[in-house]
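The block underneath contains the structure these notes are about, expressed in structure tokens.
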Amino acid sequence: MAQLIKLYDYISRYELNAYRYSSQFIRLKKQQWDKVSRAWESDTFYSVMKVSESPALQHEDETEKRSIFKKIKNRFSKEELESPVIKPLINDAILADEDLQFQFTTIPKTIDDLKHLFLDYIFRFQVRWASSTLREISSVEKSVYRDRVLKYFVQRIPDQYLLLYRPVFQLKNAPVELDLIMIGTTEVYCITLVEQLDETVFTGSKEKFWVARKGNHEKKMLSPLLSLNRTGTVVEKLISAQQVDIPVKKLMISRNGYIDYPFAPYDITILDKRTYDEWFQRLRKSSAPLKHTQLKAAQVLLSHCLTNSYYRKEWDEESSND
């Protein structure tokens with residue numbers, strides 16, 4: 001699964017330390033998969049099933065959670081907590097207990113069922129990580145969990161790819177929303193999707209508008225080159241300014257249609273229904289580990305992203321009790 005390191009203008013713990021959380025995600029995911037697959041194979045799956053909790057148990061869990069936050073908070077002075085600089089405050093063990101507690105509501109009948117349940121859970125987990133830290137959280141729209149494009153890229157791409165999904169960058173005091181940015185081990189992909197109904201043909205030009213044609217029906221659409229070039233330009237400038245040695249590629253993709261643009265700019269790669277699957281399968285087969293340059297590029301981009309968040313309820317309650 002690709003690592004969702006930034007989602008819109010939501011806060012993300014990867015902003016705190018892209019190096020740490022990228023490797024931590026891979027480790028936690030592997031640990032949880034080993035746990036549930038062993039349970040399924042040994043017919044002890046009930047031990048990891050989600051059980052309904054009584055009000056008393058729920059109260060005990062809430063008390064324990066507040067106790068953990070209290071202990072963590074007491075490690076730091078009041079001055080440190082009031083600082084605008086957000087730091088990672090907890091260790092990996094606590095993070096694993098808090099964030100990756102994999103539970104089922106049904107027992108899968110086959111290993112494929114198990115994999116699908118696991119992928120669905122990890123997707124929800126990824127959204128949580130891409131919208132919160134220990135101390136802060138962003139309000140996530142319910143539509144995010146139903147976003148088919150987001151789910152497609154997160155679930156089908158290997159762990160070593162880092163995804164920024166329509167991030168908002170703060171540039172010259174103005175917010176700028178970009179398209180998909182995927183940071184691989186050797187290159188950064190800026191991706192614009194050009195998709196409507198299946199078998200739609202998109203006719204490109206240098207003008208501001210393109211034509212989308214499906215059968216005998218056609219309509220004008222804003223040129224996808226505008227957003228793709230904007231995304232590519234921002235990413236290239238930020239990365240080159242910090243002297244990060246990793247190439248940036250601009251991809252225009254239509255998974256279910258065709259792009260007819262014979263005079264496309266030389267720096268644009270077009271992938272449509274005729275060529276996309278071959279490229280995507282090569283991507284999925286990639287097994288290279290995370291690279292330092294890749295993580296450096298991620299940290300540079302994240303440092304320029306806009307974030308809207310508020311303190312978690314637990315922290316607000318603890319602050320009011322001081």
Any sub-3.5 Å donor-acceptor pair from [X]'s side-chain atoms to [Y]'s backbone N or O?
X    : Y    : answer
W210 : S205 : yes
R13  : A130 : no
E195 : R255 : yes
T110 : D113 : yes
D260 : F202 : no
S309 : S138 : no
Q299 : A18  : yes
D159 : I26  : no
Q160 : K291 : no

To the nearest 0.5 angstrom, please state how far the [atom1] atom of [X] sits from the [atom2] atom of [Y].
X    : Y    : atom1 : atom2 : answer
S23  : L295 : OG    : CG    : 8.0 Å
Y165 : D179 : OH    : CG    : 9.5 Å
Y276 : K273 : OH    : NZ    : 13.5 Å
Y21  : S12  : OH    : OG    : 9.5 Å
C190 : I183 : SG    : CD1   : 9.5 Å
L222 : S227 : CG    : OG    : 7.5 Å

If the plane angle is over 60° it's perpendicular, under 30° parallel, otherwise tilted; pick one for Y8 and Y10.
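If you compare the ring of Y8 with that of Y10, the planes turn out perpendicular.
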For the pair E177 and R166, find out whether any cationic side-chain nitrogen is under 4.0 Å from an anionic carboxylate oxygen.
no
Is there a side-chain contact between [X] and [Y] in this structure, where contact means two heavy atoms from C-beta onward sitting under 4.5 Å apart?
X    : Y    : value
Y161 : P158 : yes
L119 : F123 : no
Y261 : T203 : no
V176 : R230 : yes
L163 : Q3   : no
Y14  : R20  : no
Q196 : K219 : yes
Y189 : L180 : no

Side chains of [X] and [Y], donor plus acceptor under 3.5 Å:
X    : Y    : result
Y311 : R135 : yes
Q155 : D120 : yes
T200 : R213 : no
N229 : K250 : yes

Indicate if [X] and [Y] have the same hydrophobic cluster label, given that clusters are the connected sets of ILVMFWY residues with side-chain heavy-atom separations under 4.5 angstrom.
X    : Y    : result
L302 : L306 : no
I270 : V201 : no
L164 : L251 : yes
L178 : L171 : yes
V211 : M252 : no

Would you indicate whether [X], at its atom [atom1], is surrounded by more than 12 heavy atoms from other residues, nucleotides or ligands within a distance under 6.0 Å?
X    : atom1 : result
E187 : CD    : yes
E278 : CD    : no
D198 : CG    : yes
K214 : NZ    : yes
K249 : NZ    : no

Among E136, K6, Q170, which one satisfies side-chain hydrogen bond (donor to acceptor under 3.5 Å, both in side chains) with T307?
K6
S254 and Y258: which non-hydrogen atoms are nearest, and at how many Å?
OG-N, 4.1 Å
Can you give me the closest heavy-atom contact between L271 and I259, atom names plus distance?
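In terms of heavy atoms, the two residues are closest at O-CD1, 4.5 Å.
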Can you tell which of L4, L193, D147 makes a side chain to side chain contact (heavy atoms under 4.5 Å, CB included) with F153?
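Running side chain to side chain contact (heavy atoms under 4.5 Å, CB included) over L4, L193, D147 with F153 returns exactly one hit, L193.
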Verify ring-ring contact (aromatic ring centres under 6.0 Å, His included) between F280 and Y152, making sure each step is shown before the conclusion.
CA-CA 12 Å; F280 192 64; Y152 174 89; 5.3 Å; yes
